[in-house]
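We use all heavy atoms of the structure for the numbers below, so side chains are in, but hydrogens, waters and symmetry mates are not.
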Amino acid sequence: MRVLVQDDRVSKFVAAITREAEEQRQRIEQETKDFIAAEMEKAEMDALGDSYKMIQRAVSNIRSDVGSQLSARMLENRRVLLARREEITDAVLQKAAEKVTRFTASEGYDAFLAASAKKAASVLRGGRPTVYLRPADLSHQAVVVGAVGDCSVEPDDSIRLGGLRMVDGDGKVAVDDTLDTRLAGQRDWFQRNSGLGLS
C-alpha cells in the first residue's frame with residue numbers, strides 16, 4: 001500500500017511538473033508569438049514610413065521636373081509670341097509707312113508741312129530758325145518759308161518719310177515733327193491697343 005501511495009504521489013508530482021511545464025511552454029509560445037507579431041508590426045510600420053517618404057520624394061521630384069518643363073515651355077511660347085507680335089507690328093507699320101509715302105506725294109502734303117512749320121515756329125523763341133527737310137522735300141521749301149517767314153532750310157538724310165525738324169537760331173530748342181518720329185511713336189500705341197499684348 002505504501003508503494004501505491006508513493007506511486008500516486010510520484011504520479012501527481014510528475015503530472016504537476018508536466019502541467020507546469022506545459023503552461024510554461026504555452027506561455028513562452030504566446031510570448032514568442034506576441035514578440036514576433038509586435039516586431040512584424042513595427043517592421044511593417046517602418047517599411048510603410050520609408051515607402052511614404054520615398055513616394056513623397058518621388059512626387060516632389062516629379063512636380064519639380066514638370067514645373068521646370070512647364071516653365072521652359074511657357075518661356076518658349078512667350079518668346080515665339082513676342083517674335084510673332086513684332087512681325088505683325090512691323091508689317092502693320094510697313095503698310096502705314098507706304099500710306100505715309102503716298103500722302104507725301106499728294107496735294108495735302110503742302111498743307112501738312114505749312115501747319116507743322118507754323119506750330120514748330122510758335123514753340124521756338126530765339127533767332128532765325130533752321131528747318132530740316134528730307135532731300136526729296138526740298139521742292140516744298142517755299143511752302144515752309146511761307147509758313148515760318150525768315151528761316152533757313154537744310155536737307156537732312158536722316159528724315160526718310162517726310163515732315164520736318166526745326167531748331168531755333170541759338171541751337172538750344174528743337175522741334176521734331178517728322179513723319180518718321182510720328183510713325184515710330186505709333187509702335188508702342190499699336191502694341192498696347194492691338195490686342196496682341198502678352199500678359
Side-chain angles (χ1 to χ4, degrees), residues 60-199:
S60 178
N61 289 340
I62 290 169
R63 279 190 182 141
S64 178
D65 289 347
V66 167
S68 295
Q69 290 172 7
L70 186 61
S71 291
R73 194 169 291 143
M74 285 174 65
L75 194 61
E76 177 61 17
N77 287 345
R78 187 173 180 81
R79 188 193 64 74
V80 168
L81 286 173
L82 201 58
R84 183 64 182 131
R85 182 179 80 170
E86 287 301 314
E87 287 175 18
I88 291 169
T89 301
D90 289 344
V92 167
L93 292 180
Q94 178 59 40
K95 288 199 181 292
E98 291 167 8
K99 285 187 176 186
V100 167
T101 300
R102 285 195 298 275
F103 168 69
T104 60
S106 72
E107 293 177 15
Y109 188 52
D110 280 344
F112 169 80
L113 281 176
S116 177
K118 282 181 187 176
K119 186 176 177 184
S122 72
V123 173
L124 302 180
R125 298 279 183 244
R128 182 174 181 245
T130 302
V131 179
Y132 295 95
L133 298 173
R134 69 181 176 151
D137 285 348
L138 289 176
S139 59
H140 300 279
Q141 181 173 345
V143 172
V144 172
V145 172
V148 176
D150 185 26
C151 67
S152 63
V153 178
E154 301 286 333
D156 184 344
D157 290 328
S158 69
I159 303 172
R160 291 177 27 254
L161 295 175
L164 58 87
R165 188 175 295 117
M166 192 180 296
V167 179
D168 69 4
D170 300 330
K172 293 181 181 175
V173 179
V175 176
D176 186 344
D177 196 24
T178 61
L179 295 172
D180 304 68
T181 300
R182 286 184 177 201
L183 187 60
Q186 294 303 303
R187 177 176 286 276
D188 287 340
W189 179 91
F190 176 76
Q191 288 180 339
R192 279 192 317 271
N193 296 289
S194 65
L196 297 174
L198 300 176
S199 48

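Pairs passing the ring-ring contact (aromatic ring centres under 6.0 Å, His included) check and including a residue from residues 68-96, sequence neighbours excluded, do not occur. Judged as a ring-ring contact (aromatic ring centres under 6.0 Å, His included), not a single pair has a partner in residues 148-174 (not counting sequence neighbours). Evaluation of the salt bridge (charged side-chain N to carboxylate O under 4.0 Å, His left out) test over residues 135-146, restricted to residues two or more places apart or in two chains, returns Arg134-Asp137.
For the pair Tyr132/Thr178, no side-chain contact is recorded, criterion being any heavy-atom separation below 4.5 Å from C-beta on.
Taking the salt bridge (Lys or Arg N to Asp or Glu O under 4.0 Å) definition, one finds that Glu87 meets it with Arg84, sequence neighbours left out. Applying the side-chain hydrogen bond (donor to acceptor under 3.5 Å, both in side chains) rule to Arg79 yields the partners Glu76; only residues at least two apart in sequence or on another chain are considered. Applying the side-chain hydrogen bond (donor to acceptor under 3.5 Å, both in side chains) criterion to Asp65, with sequence neighbours excluded, gives no partner residue. Listed by chain and residue number, Arg182 satisfy the salt bridge (Lys or Arg N to Asp or Glu O under 4.0 Å) test with Asp177 (two or more places apart in sequence, or in another chain). With sequence neighbours excluded, the residues satisfying salt bridge (Lys or Arg N to Asp or Glu O under 4.0 Å) with Arg187 are Glu86, Asp90. Applying the salt bridge (Lys or Arg N to Asp or Glu O under 4.0 Å) criterion to Arg165, with sequence neighbours excluded, gives Asp156, Asp176. In this structure, the side-chain contact (heavy atoms from CB on, under 4.5 Å) partners of Ala97, at least two apart in sequence or on a different chain, are Leu161, Leu183. A search for ring pair (Phe, Tyr, Trp, His ring centres under 6.0 Å) contacts involving Tyr109 returns Phe103, His140, not counting sequence neighbours. For Val123, the side-chain contact (heavy atoms from CB on, under 4.5 Å) criterion is met by Val175, not counting sequence neighbours.
Note that NZ of Lys118 is 12.5 Å distant from CG of Leu113, once rounded to the nearest 0.5 Å. To the nearest 0.5 Å, the span separating OG1 on Thr104 from CZ on Arg102 amounts to 10.0 Å. Going from atom OG of Ser106 over to atom NZ of Lys99 covers 13.0 Å, rounded to the nearest 0.5 Å. To the nearest 0.5 Å, atom CG of residue Leu164 and atom OG1 of residue Thr130 are 12.0 Å apart.
Here the shortest heavy-atom pairing between Gly163 and Ile159 reads O-CG2, 4.5 Å. Nearest approach of Met166 to Ala117, heavy atoms of both residues: CE-O, 3.5 Å. What you find for Ser158 and Asp180 is that their closest heavy atoms are O-OD2, 4.3 Å.
In this structure, the side chain of Asp168 does not engage the main chain of Leu124 through any donor-acceptor pair within 3.5 Å.
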